[in-house]
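Before I ask anything, here is the structure I am working with.
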Amino acid sequence: MIISTIGSHSALQILHGAKKEGFKTTVITDKKRENFYKNFYFIDFILSYEDLDDAVIKINSLKDDGILIPHGSLVEYLGKERVSKIETKIFGNKNIFEWEANQKKKMELLKKAGIKTPEIFESIEDIDRLVIIKLNGAKGGKGYFLAKNKEEAKEGITKLIQSKIIQGEDEIIIQEYVIGVPMYFQFFYSYILNRVEIFGIDIRYETNIDGIRRLPQQYISEREIKPTFVVVGNIPAVARESLLPVALDYANSFVNTTKQLIPPGMIGPFCLESIVTDDMDIVVFEFSGRIVAGTNLYINGSPYSWLYWDEPMSMGRRIAREIKMANEEDKLNLVTT
Ligand code: AMP
């Protein structure tokens, strides 16, 4: 069996973990990155593609004995249409991709799971507090902005349309801006062991919002510096232990809700992107239904994965371990779609 992934995002971690679990590994990459991936001993085969249609052909060349591990770049790079043409088995539930790409559906799912979420404003006219305006899909925070009233919101949205970043208002979501600190809780749902494992926590390092706090307040207001949210890296975090039971309850409830709404439900890695307030509330403003890049911090295991495994367990390796266990029990078809 070959474990494969697209050369981007968390590919190194995924293939490193797969090798540790004894699998053959393949990276499917843009020709330009071929030399980069040659540096790594744990990559057995490199399949280079010329263009994105060719990428699908390369992925499908593994359909007999390959499993593709999806990550954040898969849908963003290939687009929905091409992803639907993939015949190779995908680890996890590919039906979740569609929900992931749609901010409104995402929030609906979180609410159904009984998870605390920020207020959503369906119309610009309803805005009555500080809001963040976001774009659909995993764009790394690009184009997001804050607005303290309707007028600022309208102005910002018009700019997005004029600069052709979006075509219309239906491509944005308006959320209450929750004041607190970000904490992104990473989990793994094991279908084979029937449990949710808390895997790790990270904070996204975002420019310029994380840089602004280094400047004196007066400097910011005089120059009217506007916060932006472009993700450029990740910082590790651990939470107060008293936050963990709530986080894990949310994660279990999330998994159960996906089973009802998106059968066969969540399988494998996911993340609940949250703001923790000074009431110690965890408010989840977003989820990722696949491996997040913040797990790249924990290639040698995280403070939490040690508690389950007592060995260096990256998320990439955890995925491979699940595939291995499923294969041994003849249940591969239950952890792939
Ligand atoms: P997202 O693409 O939804 O992960 O958002 C990118 C960044 O915007 C996050 O990492 C947060 O810093 C910030 N953010 C998004 N939504 C909210 C919210 N409702 N309240 C506060 N900050 C938010």
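The structure presented is a predicted model; accordingly, all values stated were derived computationally and were not measured. Start at 1 and go down the list; that is how both ligands and their atoms are numbered. We number each residue from 1, following the sequence as shown.
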**Asked** Atoms of ligand 1 less than 4.0 Å from V178 heavy atoms?
**Response** 18 (C), 20 (N), 21 (C)
**Item:** Approximate separation, where rounding is to 0.5 Å, of I6 CD1 and Y49 OH
**Value:** 5.5 Å
**Message:** Please work out, at 4.0 Å between heavy atoms, whether the side chain, the backbone, both, or neither of I132 comes within that distance of ligand 1.
**Reply:** side chain
**Message:** Test of understanding: given a 4.0 Å heavy-atom threshold, classify the contact between Y184 and ligand 1 as side chain, backbone, both, or neither.
**Reply:** side chain
**Request:** May I have the step-by-step check of ring pair (Phe, Tyr, Trp, His ring centres under 6.0 Å) for F187 and F270, ending in yes or no?
**Result:** CA-CA 5 Å; F187 301 95; F270 65 100; 5.3 Å; yes
**ligand 1 N/O within reach of E273 N/O, cut-off under 3.5 Å** = no
**Prompt:** Are the charged groups of E197 and R318 less than 4.0 angstrom apart, N to O?
**Reply:** yes
**Message:** Can you tell me which portion of I275 lies within the under-4.0 Å heavy-atom range of ligand 1? Options are side chain, backbone, both, or neither.
**Reply:** side chain
**Request:** Kindly compute the distance separating CD1 (I133) from CD (E152), expressed to the nearest 0.5 Å.
**Result:** 9.0 Å
**Request:** Number the atoms of ligand 1 from 1 as they appear, then name those within less than 4.0 Å of a heavy atom of E286, with their elements.
**Result:** 1 (P), 2 (O), 3 (O), 4 (O)
**Asked** Does ligand 1 have a heavy atom under 4.0 Å from the side chain of Y177, from its backbone, from both, or from neither?
**Response** both
**Prompt:** Just checking, is any N or O donor in the side chain of T295 or Q186 under 3.5 Å from an acceptor N or O on the other one?
**Reply:** no
**Message:** Test of understanding: given a 4.0 Å heavy-atom threshold, classify the contact between E176 and ligand 1 as side chain, backbone, both, or neither.
**Reply:** backbone
**Item:** K154/E125 ion pair, N-O < 4.0 Å
**Value:** yes
